[in-house]
Every structure is written in structure tokens, then in C-alpha cells.
Protein chains: 2
Amino acid sequence: MSTTQIDGVSVNTQASVYFDGKCVSHGITFPDGTKKSVGVVLPATLTFNTGAPEIMECVAGSCEYKLAGSDAWLKSGPGEQFSIPGNSSFEIRVTEAYHYICHFG
Amino acid sequence: MSTTQIDGVSVNTQASVYFDGKCVSHGITFPDGTKKSVGVVLPATLTFNTGAPEIMECVAGSCEYKLAGSDAWLKSGPGEQFSIPGNSSFEIRVTEAYHYICHFG
């Protein structure tokens with residue numbers, strides 16, 4: 001079961017645009033100050049770097065991802081998530097739009 | 001002064017992707033049920049059709065737009081807005097990412 005809606009948050013009106021628009025996200029802030037983002041990765045193969053640790057939760061579509069130091073491409077679909085350590089990176093391979101919630105920390 | 005944040009809303013986690021990703025938006029719902037969206041148009045010239053009337057409010061970047069039946073390209077920048085009648089259309093020309101709030105009705 002994937003998360004279709006997040007209630008009671010503040011949304012940043014300005015999007016973050018990465019890789020010429022292959023990834024677009026909007027930041028959200030919870031009443032307790034927690035920040036997350038909702039976004040989409042369009043068909044592409046991209047490498048993302050992390051600052052803080054991240055959890056990528058798929059809400060629609062799917063991706064394959066490969067963490068730094070791994071040789072394995074793993075699939076992630078709706079309701080599934082994967083974790084990326086801080087100060088690391090991961091490759092993501094998308095053939096149908098991958099819609100996600102990014103949780104930090 | 002542009003609107004940088006919208007508070008106390010529900011956000012749809014799945015984005016709407018138009019024109020192969022040249023426009024990406026996330027729907028938001030207010031406590032009273034009002035629906036709007038926050039989105040971005042990347043560099044492109046696109047034609048949008050309206051169902052309900054829309055007000056496009058620029059929060060960052062800029063665009064030029066031309067309403068159906070008009071010959072005039074008009075510019076819209078941060079803090080500015082323009083209105084499109086229902087069941088109509090407009091062309092939009094973007095050279096730097098145009099970030100917007102779309103108000104319906």
C-alpha cells in the first residue's frame with residue numbers, strides 16, 4: 001500500500017529541478033519541523049549524491065537502484081523503500097516515471 | 001512578493017507529468033477542500049487547455065503567455081499572475097524555469 005497523500009504540511013512552492021528536469025521535487029515541512037520531499041524521476045539513468053542519509057519510498061511507478069559499493073541493481077515499486085547512507089551515492093534507472101517520497105535522516 | 005510556502009495542506013505524493021516532463025506539478029488540498037497545484041514549466045513552448053478557469057501565479061522564474069484569441073505575448077514574473085477562462089487554452093513560452101501555483105475556479 002503506497003502513501004497517496006501527506007496531510008497537514010507546508011509545501012515549498014518552488015520546485016527543485018535536477019538533471020535538466022529528469023528529477024523534479026517539492027519540499028514539504030511537517031509541523032514538528034521535519035523536512036521531506038515529494039518528487040518524480042522521469043525515464044533516465046542518474047547518479048544522486050546524499051548529504052544526510054535518505055530513505056526513498058516509492059508511491060507510484062518503479063525504479064532500479066544500485067547503492068555505492070554494490071554491483072546489484074535492485075527493483076523498488078509502490079509501497080517499497082530503500083535506504084541510502086549519508087555522504088554516499090546511488091544510481092537510479094527509471095523506465096516508467098518513479099514517484100517518491102524522500103525521507104531524510 | 002511571491003508566495004514561497006503554503007501551510008496546512010495535504011499534498012498528493014504522485015506528481016502530474018505533462019509534455020514528457022516539460023511540466024511537472026503536485027496537487028494540494030486545503031482543509032476546506034479547495035484544490036490547487038504547485039508546479040514548474042521547464043524551457044519549452046507549450047499549449048495548455050483549461051477545463052475550469054485557472055489563475056497562474058508565478059513564484060519564481062518567468063514566462064511569456066498568450067491567451068486563446070489574443071496575438072499578444074505577455075510576460076509574467078514572480079508575484080504576478082494571469083487568468084485563463086474555462087474551456088479555453090493558452091500558450092506558454094519559458095526560457096528559465098517558471099515555478100507557479102495554479103488556482104482553479
Side-chain angles (χ1 to χ4, degrees), chain A residues 1-44 46 55-63 76-81 94-103, chain B residues 1-44 46 55-63 76-81 94-103:
Chain A
M1 187 65 192
S2 62
T3 305
T4 58
Q5 187 172 299
I6 300 172
D7 297 328
V9 294
S10 297
V11 58
N12 294 343
T13 58
Q14 183 167 350
S16 298
V17 178
Y18 305 99
F19 301 107
D20 287 331
K22 289 297 182 188
C23 176
V24 174
S25 70
H26 279 91
I28 58 176
T29 307
F30 288 73
D32 69 359
T34 302
K35 290 181 186 299
K36 303 188 182 198
S37 67
V38 292
V40 60
V41 179
L42 301 175
L46 305 171
I55 296 170
M56 293 289 284
E57 175 186 345
C58 181
V59 295
S62 67
C63 76
S76 187
E80 298 176 343
Q81 57 181 52
V94 171
T95 54
E96 53 172 336
Y98 166 75
H99 298 259
Y100 66 87
I101 303 167
C102 180
H103 309 258
Chain B
M1 188 64 191
S2 62
T3 306
T4 58
Q5 188 173 299
I6 300 173
D7 297 328
V9 294
S10 297
V11 59
N12 294 343
T13 58
Q14 184 168 349
S16 297
V17 178
Y18 306 99
F19 302 107
D20 286 331
K22 289 299 183 187
C23 177
V24 173
S25 70
H26 279 90
I28 57 176
T29 307
F30 288 73
D32 70 359
T34 302
K35 291 182 185 298
K36 304 188 181 197
S37 68
V38 292
V40 60
V41 180
L42 301 175
L46 304 171
I55 296 171
M56 293 289 284
E57 175 185 345
C58 180
V59 295
S62 67
C63 76
S76 187
E80 298 175 343
Q81 59 182 50
V94 171
T95 53
E96 53 172 335
Y98 166 74
H99 299 259
Y100 66 87
I101 304 167
C102 179
H103 310 258

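Lettering of chains follows the sequences in order, A, B, ..., and the numbering in each one begins at 1. What you see is a predicted model, and the numbers here were worked out from it, not measured in a lab.
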Please determine, among B:G39, B:A97, B:G61, the option with the most heavy-atom pairs under 4.5 Å with chain A. B:G39
Going from NZ on A:K22 to CG on B:L42, what distance comes out if it is rounded to the nearest 0.5 angstrom? 10.5 Å
How far does CD1 of A:I28 sit from OG1 of B:T13, to the nearest 0.5 angstrom? 9.0 Å
Contacting region of A:V17 [heavy-atom separation from chain B under 4.5 Å]: side chain
Heavy-atom pairs under 4.5 Å with chain B, option from A:V11, A:V59, A:V38 with the top count: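 Option with the top pair count is A:V11.
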Heavy-atom pairs under 4.5 Å with chain B - which of A:A15, A:P43, A:S25 has more of them than the others? A:A15
For the side-chain contact (heavy atoms from CB on, under 4.5 Å) test, which of A:V9, A:T4, A:D7 pairs with B:S10? A:D7
Is B:I6 in contact with chain A via its backbone, its side chain, both, or neither, using a 4.5 Å heavy-atom distance?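 For B:I6, the contact with chain A is made by backbone and side chain together.
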If you take all heavy atoms of A:A60 and B:Q14, which pair is closest and at what distance?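 Between these two residues, the closest heavy atoms are CB-OE1, 3.4 Å.
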